[in-house]
Number of protein chains: 2
Amino acid sequence: MRLLIIEDEPGIAGFLKDGLEEEFFAVDIAYDGKTGLDLALINEYDLLIIDWMIPALSGIEVCRQVRKAGNPVPILFLTAKDTLEDVVFGLDAGANDYVKKPFEFEELLARIRVQLRNKNKTDDSLTAGLLNINPATHQVFCASNEIFFTPKEFSLLEYLIRNKDRVCTRSRIIEHVWDIHFDSDTSVIDVYITFLRRKLEAAGAGNIIQTIRGVGYIVREPGTS
Amino acid sequence: MRLLIIEDEPGIAGFLKDGLEEEFFAVDIAYDGKTGLDLALINEYDLLIIDWMIPALSGIEVCRQVRKAGNPVPILFLTAKDTLEDVVFGLDAGANDYVKKPFEFEELLARIRVQLRNKNKTDDSLTAGLLNINPATHQVFCASNEIFFTPKEFSLLEYLIRNKDRVCTRSRIIEHVWDIHFDSDTSVIDVYITFLRRKLEAAGAGNIIQTIRGVGYIVREPGTS
DNA sequence: AGAAAGCTTAAAGGTTGCTTAAAATTGCGG
DNA sequence: CCGCAATTTTAAGCAACCTTTAAGCTTTCT
């Protein structure tokens, strides 16, 4: 999961980055609106966190531009202004939620989770067949037996299962799991797919990762034809 | 747009109903959790507005039950409690947003609009008869059965169906699908048309690709003369 | 009937993905 | 700060599959 924070105060930005990285998000920071907008348009983020008052281009304007470009990424506003007009204005400009400063980190986290949940339609905990995946604790169980995965392995498996029953293209995988945003001829994905399959097979989960040649991979929920 | 309000205080419920009907929503009211849950499961609402403290079944419990039934309808909580735990708890239970009482009607309305905005997004998949083609995921379904195509096969099928009800000449096909910009006497197209027809026939889609001798091919939408 | 166009099949060769091993990097404890 | 162990990445050989070619067969039109 990849987030972009657009916030000019280094203190707040750093605090957020540290906290969110502890929660296993990949976090980028932009210190002004223009840089932020460029990053948001070039890269594929899962969520944008934007401060209302930032230099170069206001938060609301960044929001509008992102929407104008047809990008449906969830946007969460941070704002010290708490008058009603501002809230309405922000939400109507295309924001999905807002948090008033000063905020508590836990609430921000909860609201981030809501936005990301909407993105990946799976509301419940992540499961696929016998597998049960807990993103909060980085644990994976196969019918009560725990399987141990390294961070990258886990990240790849999580991405595949969040997109269960949908094809994950190689370029999307490399973007979301490896944060690589240019074409490259690496074969890391192949290697990690092999790792995952080996561990899953050994744990009795079967081969749930299917290859779509020339495109990518898909994890299917058994029983879904 | 159809909304359900689950709220036990008739004053608030009535005020909301009137206000929302003025905004052209169709509004139902349930005065306790149990009735509300039944209504939510029986009918198809575009949004639920649920008070936290209601008789018979708590708001949070209604929320959980709705999600457990696999219903992804947006849920917006109304609550007087504004402690941090409650916010986190409510959002994690499957709610999409949260408004603290006393709230201003304008803000509620803005938040409702945000939730409903997602409803209007159109799926950009292509269809022809029973076929449904999703270019984003490279998947093809024939009435819920997935058909697998190789990259070139997919590309050709996509081109034909994007140009549904129009004749696709051989030279245009070779230009768009194969990137060949000079005349050539290859017979790849014939071969791939055979591949497509075989897979489509096997999946029960019938022979939807018609040959126009001397010109090219056409896919017709059934029912169009 | 003959010719032109399209269909089908099989086999060559090209590309992609899988696997393995080793090198590079990271993270942790001393 | 350094060394060791675990993780991640690179690279190469191999296998599987996809694409293309080409040849023979069928259909359609004159």
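Letters go in sequence order (proteins before strands), and every chain restarts at 1.
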Can you name the one residue among A:Lys199, A:Arg198, A:Arg197 that meets salt bridge (charged side-chain N to carboxylate O under 4.0 Å, His left out) with A:Glu153? A:Lys199
Under 6.0 Å between ring centres: does that hold for B:Phe195 and B:Phe149? no
Just to be sure I understand the rule, does A:Thr186 reach a base, reach only the sugar-phosphate, or reach nothing, if contact means heavy atoms closer than 4.0 Å? sugar-phosphate
Nearest to the side chain of A:Lys152 - D:dT21, D:dC17, D:dT9? D:dT9
Are the charged groups of A:Lys17 and A:Asp28 less than 4.0 angstrom apart, N to O? no
Aromatic ring proximity, centroids under 6.0 angstrom, B:Tyr192 and B:Trp178: yes
Thinking salt bridges, do A:Arg64 and A:Asp92 make one under a 4.0 Å N-O criterion? no
Would you classify B:Tyr217 as touching base, sugar-phosphate or nothing, given that sugar-phosphate means primed atoms plus P, OP1 and OP2, and contacts are heavy atoms under 4.0 Å? sugar-phosphate
According to a strict under-4.0 Å criterion, is B:Trp178 in side-chain N/O contact with OP1 or OP2 of D:dT19? no
So if I take every side-chain heavy atom of A:Val188 and compare against D:dT9, D:dT20, D:dT7, which nucleotide ends up nearest? D:dT9
When you measure from the side chain of A:Thr150, which nucleotide among D:dT7, D:dA11, D:dC18 comes out closest? D:dT7
Run the side-chain contact (heavy atoms from CB on, under 4.5 Å) test against B:Arg213 and tell me which residues pass, sequence neighbours left out. none
Hey, where on DNA chain C does chain B first and last touch, going 5' to 3'? Cut-off is any atom under 4.0 Å from a heavy atom. C:dA4 to C:dT9
Is it true that A:Arg111 and A:Glu106 make a salt bridge, defined as a side-chain N closer than 4.0 Å to a carboxylate O? no
The helix from C:dA1-D:dT30 to C:dG30-D:dC1: angle between terminal helix axes, five bp per end, to the nearest 10 degrees, reads 30°
